[in-house]
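All values below were derived from every heavy atom in this structure, side-chain atoms included, with hydrogens, water molecules and symmetry-related copies excluded. Here is how names work: the chains are called A, B, and so on, in the same order as the sequence lines, proteins then strands, and each is numbered from 1.
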Amino acid sequence: DVKVTQSSRYLVKRTGEKVFLECVQDMDHENMFWYRQDPGLGLRLIYFSYDVKMKEKGDIPEGYSVSREKKERFSLILESASTNQTSMYLCASSAHRDTYYEQYFGPGTRLTVT
Amino acid sequence: GENVEQHPSTLSVQEGDSAVIKCTYSDSASNYFPWYKQELGKRPQLIIDIRSNVGEKKDQRIAVTLNKTAKHFSLHITETQPEDSAVYFCAASPYPPGNTPLVFGKGTRLSVIA
């Protein structure tokens, strides 16, 4: 059974703080993703990675960076948190195989920036 | 790049009735179309997917249809039950997706009224 875990379910940070969101998957998946979910806006892709040390910008990368030093772990970094980054953050992973491409999501981290 | 439009944004049906959610996509190279369901407070999960070599796929009470000429695909839920209440997301990508991420629609909130 695929497990995608995120370091926190709820997080409260102050404006200007550096914030780390961690995601770990246990299925040896090549691809990992970070999404932001806001009401009415759906799932917006922030960054994704298809291999260790590789990263690609998604639709809304501004204000975020990522790190993938190990295959199982993908970190999202808010260099200087702002109130407009208050949101639900979802991590996902998937295999890079021809016949199976299901994305498995983590439980989400609800981040509040005050 | 790919753009996925999803309609309606909200949908209310009486228990036992059918529900239909429609999506259109822009990139003719897309040929993999999954649907994800997100129950309140839970993570999105894949419920059904279709590839472009198939026009329709069924799994018990849910079905997905694809019209590649018109670039649209739909989710059909028959005999709706209260547990079908959730947000549904459609998505599109090339297949095999390789390093290309899914592009999601903005979601449809389905409410099944008992």
Self-check item: Modelled atom types, side-chain donor and acceptor of Q45(B) and E102(A), under 3.5 Å
Solution: no
Quiz item: Are side-chain heavy atoms of Q103(A) and L46(B) found at a separation under 4.5 Å?
Solution: no
Quiz item: Do the non-hydrogen side-chain atoms of Q37(A) and F89(B) ever get within less than 4.5 Å of each other?
Solution: yes
Quiz item: Side chain, backbone, both or neither: which part of P34(B) has a heavy atom under 4.5 Å from chain A?
Solution: neither
Do [X] and [Y] share a hydrophobic cluster, counting only Ile, Leu, Val, Met, Phe, Trp and Tyr and linking them when any side-chain heavy atoms are less than 4.5 Å apart?
X       : Y      : result
Y32(B)  : V4(B)  : no
W35(B)  : V87(B) : no
V103(B) : V64(B) : yes
L11(A)  : Y64(A) : yes
I48(B)  : L11(B) : yes

Quiz prompt | Least distance between heavy atoms, L102(B) atom then Y35(A) atom | solution = O-OH, 4.4 Å
Self-check item: Taking every non-hydrogen atom, the tightest pair across L90(A) and Q38(B)
Solution: CD1-NE2, 4.3 Å
Practice problem: Determine the sole option in F48(A), Y50(A), Y47(A) for which the side chain to side chain contact (heavy atoms under 4.5 Å, CB included) test with P101(B) is passed. | Solution: F48(A)
Quiz item: Does any pair with a residue in residues 9-80 of chain B pass disulfide bond (SG atoms under 2.5 Å apart), and if so which ones, sequence neighbours excluded?
Solution: C23(B)-C90(B)
Practice problem: Could you look at L45(A) and say if it's the side chain, the backbone, both or neither that has a heavy atom under 4.5 Å from chain B? | Solution: side chain
